[in-house]
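For reference, the structure discussed in these notes is given below.
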Protein chains: 2
Amino acid sequence: MKRNKKERQNLLKKTIEEMPFTTDEELAGKFSVSIQTIRLDRMELSIPELRERIKSVATHQWNETVKALPIDEIIGQVVDLELDKRAISILDIGPEHVFSRNRIARGHHLFAQANSLAVAVIDDELALTARADIKFTRQVKQGERVVAKATAAGNDRKGRTAVEVESFVGTEKVFSGVFTMFRSTDYKGESSNENSD
Amino acid sequence: MKRNKKERQNLLKKTIEEMPFTTDEELAGKFSVSIQTIRLDRMELSIPELRERIKSVATHQWNETVKALPIDEIIGQVVDLELDKRAISILDIGPEHVFSRNRIARGHHLFAQANSLAVAVIDDELALTARADIKFTRQVKQGERVVAKATAAGNDRKGRTAVEVESFVGTEKVFSGVFTMFRSTDYKGESSNENSD
DNA sequence: TCCAAATTAAGACTAGGTACTAATAGTAAT
DNA sequence: ATTACTATTAGTACCTAGTCTTAATTTGGA
C-alpha cells in the first residue's frame, strides 16, 4: 500500500490534475498518510490548496465562457426582424473572430452571421441552407462592427427561398451573398435533389 | 445611495450573476449595507455562498472545456496537407454543432471546416477568402464524421487561387464549394477590386 | 546503532462563510 | 402614544479547509 515519497508525490500530482476538487483529507485517505504529509507534498510540488485550485479552474473557464456561448446560439445580435421579409443583425469583431497574425476577421464568422440571419428570417420551424454564393468584398478588422441585412427574395420555387444578405462596416460593403434556403413546409427529410448522392 | 430592499435584491442578483466571485464583504461595501443584510438577502434569494458559487462555475465549465476550445483554432482536424496542392480534415459533428430541435448540423460549421481548410492549403503567410460558391447537398446529423477534401486549382490569375472543397460523410457528398482565395504575395492591403464599396 | 530524512502531531491563526439570538430603527395602523 | 411589524445591524459560537510554526516520533540506510 505505502509507496515511497517520490512515487506518492508523482501520483498525487496526477491525481490532482485529473481531479482538482479533492481535499487534503480525501487525498490522505487515498494514500494512507496523514493530512500533514499531503500538505508537505503539496508544498514541495507547489500545488495550491483546494480552494485556490477551484478558483483558478472557475476563473479560467469564466473568461472563455463569453467566447464559447455565442458561437452556437447567436452569431451577431438581431436588431430587426420581420419574418419572411427582412432582418438585421450586428456583430462586433473581437479578438476571438480574427487571425492573430493580422487581426483580420476570419471568413467563417462573417458567413456565420449572414447564414444564421438567413435562417432566422425564414418564417418556418425548419430552415436549412441549400446553397450560397458569397463574396467577401473587404477585409474586416478587429474592433469593427458588421451590420448584416437580409432580405427574403420570396420567390419560392420548389419549397426554396432565396435570401439576399449584405454586410456593411459603416457604409462599406464587406460581404454579400445569396442564400438558397430549404424550408420544412413540403419538406420530406434526407436528400432533396441538388447534386446529392 | 441606499436603495430599498427589493431594488437592492434585484441588483444583488444581477451583480452576482455577472460577477460570481464577489464576497459578501465586497457586496456589503457596494450596497452600503452590513454583511448580515447581504446574507439575509442571499438567504431570501436562495443564492449560495461564494465558495459554492465558485465551485459550481468550476464544475459546470469543467464539463464544457472540451467544447469551448476547438471552435476558434481548429475547425476540423487536419489529417493530410500538401501545400498548394491538397488538404484533408475531419470534423466530428457533436451536440455543439447542431440545431437542438432536429440535431442537424448548422451550415456555418461545415462552411468553417471547408473555409479554414482552403486557407490552410494556401502556401502563404496571408490567405483570405474573396468569394465562395457553395452547396449543401445533404444534411449532416449529430454523430456523423465529415471529411473535407480541398484541392488547389492552382490557376492564379491576379494573385488569386481557386480551391475546390468537397465534404463527405462516408461516401455521400454533403458539401461542395469553390473558394477563391487572395494571397499576400502581390497583395496591397484594403479593398482589392471585386464589387467593393 | 545512530543519523538524517520522512512522517505525524499539536497549537494558533485565517477567510468566508452558517446558524442563531438579540438589539435597534423606522413606519403604519389602531 | 402604543402596538405591530419589517428591515437592518450586531454579536456569538461553530464550520471547513486550509495556513504557518514548532516539536515529537518513526523509519530506512550506512
Would you indicate which nucleotide in [options] comes nearest to any side-chain atom of [X]?
{"X": "B:Asp24", "options": "C:dT18, D:dG18, C:dA10", "value": "C:dT18"}
{"X": "B:Thr23", "options": "D:dA7, C:dT8, C:dG17", "value": "C:dG17"}
{"X": "B:Arg42", "options": "D:dG18, C:dT18, C:dT7", "value": "C:dT18"}
{"X": "B:Met43", "options": "C:dG16, D:dA17, C:dA19", "value": "C:dA19"}
{"X": "A:Arg51", "options": "D:dA10, D:dA7, D:dG18", "value": "D:dG18"}
{"X": "A:Arg39", "options": "D:dA17, D:dT9, C:dT8", "value": "D:dA17"}

[X] [atom1] to [N] [atom2]: how many Å, rounded?
{"X": "B:Leu50", "N": "C:dG17", "atom1": "CG", "atom2": "P", "value": "5 Å"}
{"X": "B:Gln36", "N": "D:dA13", "atom1": "CD", "atom2": "C1'", "value": "14 Å"}
{"X": "A:Ile38", "N": "C:dA9", "atom1": "CD1", "atom2": "P", "value": "13 Å"}
{"X": "A:Gln9", "N": "C:dA5", "atom1": "CD", "atom2": "P", "value": "15 Å"}
{"X": "B:Ile35", "N": "D:dA7", "atom1": "CD1", "atom2": "C1'", "value": "18 Å"}
{"X": "A:Ile54", "N": "D:dT16", "atom1": "CD1", "atom2": "C1'", "value": "12 Å"}
{"X": "A:Lys6", "N": "D:dG28", "atom1": "NZ", "atom2": "P", "value": "18 Å"}
{"X": "B:Glu52", "N": "C:dG16", "atom1": "CD", "atom2": "C1'", "value": "12 Å"}

Counting only heavy atoms not in B:Glu44, do more than 12 fall under 6.0 Å of its CD? yes
Would you check if the distance from the ring center of B:Phe111 to the ring center of B:Phe179 is below 6.0 Å? yes
Which part of the nucleic acid, if any, lies within reach of A:Glu49 when heavy atoms closer than 4.0 Å are counted: base, sugar-phosphate only, or nothing? sugar-phosphate
When we call it a touch if two heavy atoms are under 4.0 Å apart, what does A:Leu40 touch: a base, just sugar-phosphate, or nothing? base
A:Lys30, A:Arg39, A:Arg51 screened by salt bridge (Lys or Arg N to Asp or Glu O under 4.0 Å) with A:Asp24, the one that passes: A:Arg39
I need the minimum non-hydrogen distance between A:Gln9 and A:Leu45, along with the two atoms involved. O-CD1, 3.6 Å
Could you state the interatomic distance from CG (B:Asn10) to NZ (B:Lys5), rounded to the nearest 0.5 Å? 12.0 Å
Does a nitrogen or oxygen in the side chain of A:Arg8 sit under 4.0 Å from OP1 or OP2 of C:dT7? yes
Looking at A:Ser34, I'd like to know whether one of its side-chain N or O atoms comes within less than 4.0 Å of OP1 or OP2 on C:dT8. yes
